[in-house]
Amino acid sequence: MGNIIRRHQEEKEMEKKRPPKSSSGMIDTLRMKPPKKIILDGKRIKTTPRDVRFPNQNQTIACWQNYVDFHRCLWIKGLDYQPCARFRTNYQTLCPVSWYENWDEQRENGTFMGPRFDPKREPHIDGEPGDLIIRIKTLPHSKFERRGDDLYTNLTISLLDALVGFETTIEHLDKHKDDQVTITRERVTWPGARIRKKDEGMPNYDNNNAKGVLYITFDVEFPKGELTPEEKEAIRTILKAGSPPKTYNGLRGY
């Protein structure tokens, strides 16, 4: 009988030490005792409280979200709003130091992939309307390169076309049949030669009626087969005497 009473008393003591439960039977962390205090930068602070948005043990997302929430809080409330420091304490507790130091550097360089909250340009909640900053990244294209309003592309031609001239068309970005760019050459075209087509570039941002320039650089494809002695002699006769080989500093343009 004494053992039963003693066991019953021990179970009561253990029940007092267990975390409180809600009506659903789940552990109610909101009624648990506050977390122990720790020292950070010489100040006694509480550890990061439970966040119902991140119930899992992996707190990587919570680390990121608290970092973003901290800068959003500064953007809305200003630098003098002290409760914003709660988010900073959270992400400094959850995140590795190298993470948020890298994010700080990215924000300064304008390469941060998260939301941008710039106190210098964005308004406070009771301030004047500010600017919405949208960063647009252009995907690379297999045929065209855009630089401002201008477009750049390369066109490979045969050695015969390079010598006697040619006429061809290239398809523009929108691939319409009526939007073909015609190229006509009646003179010798050397490798690296470049021509410009006015108003064949991209529309101007401020004036859609104005367009940039399309720059076309020519590459000459030489024949890969061997020439017979008769063909070589015929080419020498047609081209006559060429200039002797010349050595120069191509990197400096001499």
Side-chain angles (χ1 to χ4, degrees), residues 64 67-69 71-76 78-79 102-222 248-254:
W64 166 267
Y67 180 86
V68 172
D69 288 344
H71 292 284
R72 180 185 286 111
C73 183
L74 293 183
W75 171 61
I76 296 176
L79 298 174
N102 187 36
W103 295 338
D104 290 340
E105 183 178 350
Q106 291 176 356
R107 292 181 65 254
E108 294 178 0
N109 298 335
T111 58
F112 184 60
M113 297 304 295
R116 294 184 59 192
F117 308 107
D118 187 356
K120 297 180 181 179
R121 301 195 63 179
E122 307 284 353
H124 293 169
I125 192 170
D126 54 352
E128 294 295 328
D131 299 329
L132 173 63
I133 302 175
I134 301 176
R135 182 180 296 272
I136 299 176
K137 293 185 177 181
T138 304
L139 293 175
H141 194 273
S142 61
K143 295 182 180 180
F144 297 93
E145 179 72 19
R146 178 176 182 174
R147 296 181 181 178
D149 295 339
D150 299 332
L151 286 176
Y152 293 79
T153 189
N154 282 54
L155 178 64
T156 301
I157 60 177
S158 66
L159 178 59
L160 177 62
D161 289 341
L163 294 175
V164 302
F166 65 94
E167 181 176 346
T168 186
T169 60
I170 61 175
E171 191 176 53
H172 217 307
L173 282 173
D174 53 12
K175 298 182 180 180
H176 289 169
K177 292 182 179 180
D178 298 335
D179 198 9
Q180 300 284 336
V181 180
T182 302
I183 303 171
T184 302
R185 295 281 294 178
E186 297 180 354
R187 63 182 69 178
V188 175
T189 304
W190 60 92
R194 175 181 290 180
I195 63 173
R196 59 196 306 271
K197 289 288 187 178
K198 188 178 179 181
D199 295 332
E200 293 293 351
M202 299 297 293
N204 182 268
Y205 176 79
D206 296 318
N207 182 9
N208 290 335
N209 294 324
K211 294 183 179 180
V213 177
L214 172 62
Y215 291 92
I216 303 171
T217 303
F218 295 101
D219 302 320
V220 179
E221 184 178 13
F222 283 76
Y248 69 98
N249 187 341
L251 295 180
R252 290 187 175 272
Y254 297 144

With rounding to the nearest 0.5 Å, note down the distance linking [atom1] in [X] to [atom2] in [Y].
X	Y	atom1	atom2	answer
Leu151	Glu200	CG	CD	9.5 Å
Ile157	Leu163	CD1	CG	8.5 Å
His71	Arg107	NE2	CZ	4.0 Å
Arg196	Asp150	CZ	CG	8.0 Å
Phe112	Gln106	CZ	CD	7.0 Å

Practice task
Flag the pair Lys143 / Ile170 as yes when at least one side-chain heavy-atom distance between them is below 4.5 Å, and no otherwise.
Solution key: no
Practice task
State whether the side chain of Arg187 and the backbone N or O of Thr189 hold a donor-acceptor pair below 3.5 Å, judged by distance alone.
Solution key: no
Practice task
Spell out, as yes or no, whether a donor-acceptor pair under 3.5 Å connects the side chain of Thr168 to the backbone of Ile183.
Solution key: no
Fill in the blank from the handout: Smallest heavy-atom separation, Trp64 atom then Trp103 atom, equals CE3-CZ2, 3.6 Å
Exercise for the section: Check side chain to side chain donor-acceptor pair (under 3.5 Å) between Asp149 and all other residues, then give those that pass, not counting sequence neighbours. Expected result: Asn204
Compile the donor-acceptor pairs under 3.5 Å between side chains in residues 206-221 and protein atoms, sequence neighbours left out, one pair per line.
residue	atom	partner	partner atom	Å
Asn207	OD1	Asn209	N	3.2
Thr217	OG1	Arg194	NE	3.1
Asp219	OD2	Asn154	ND2	3.3

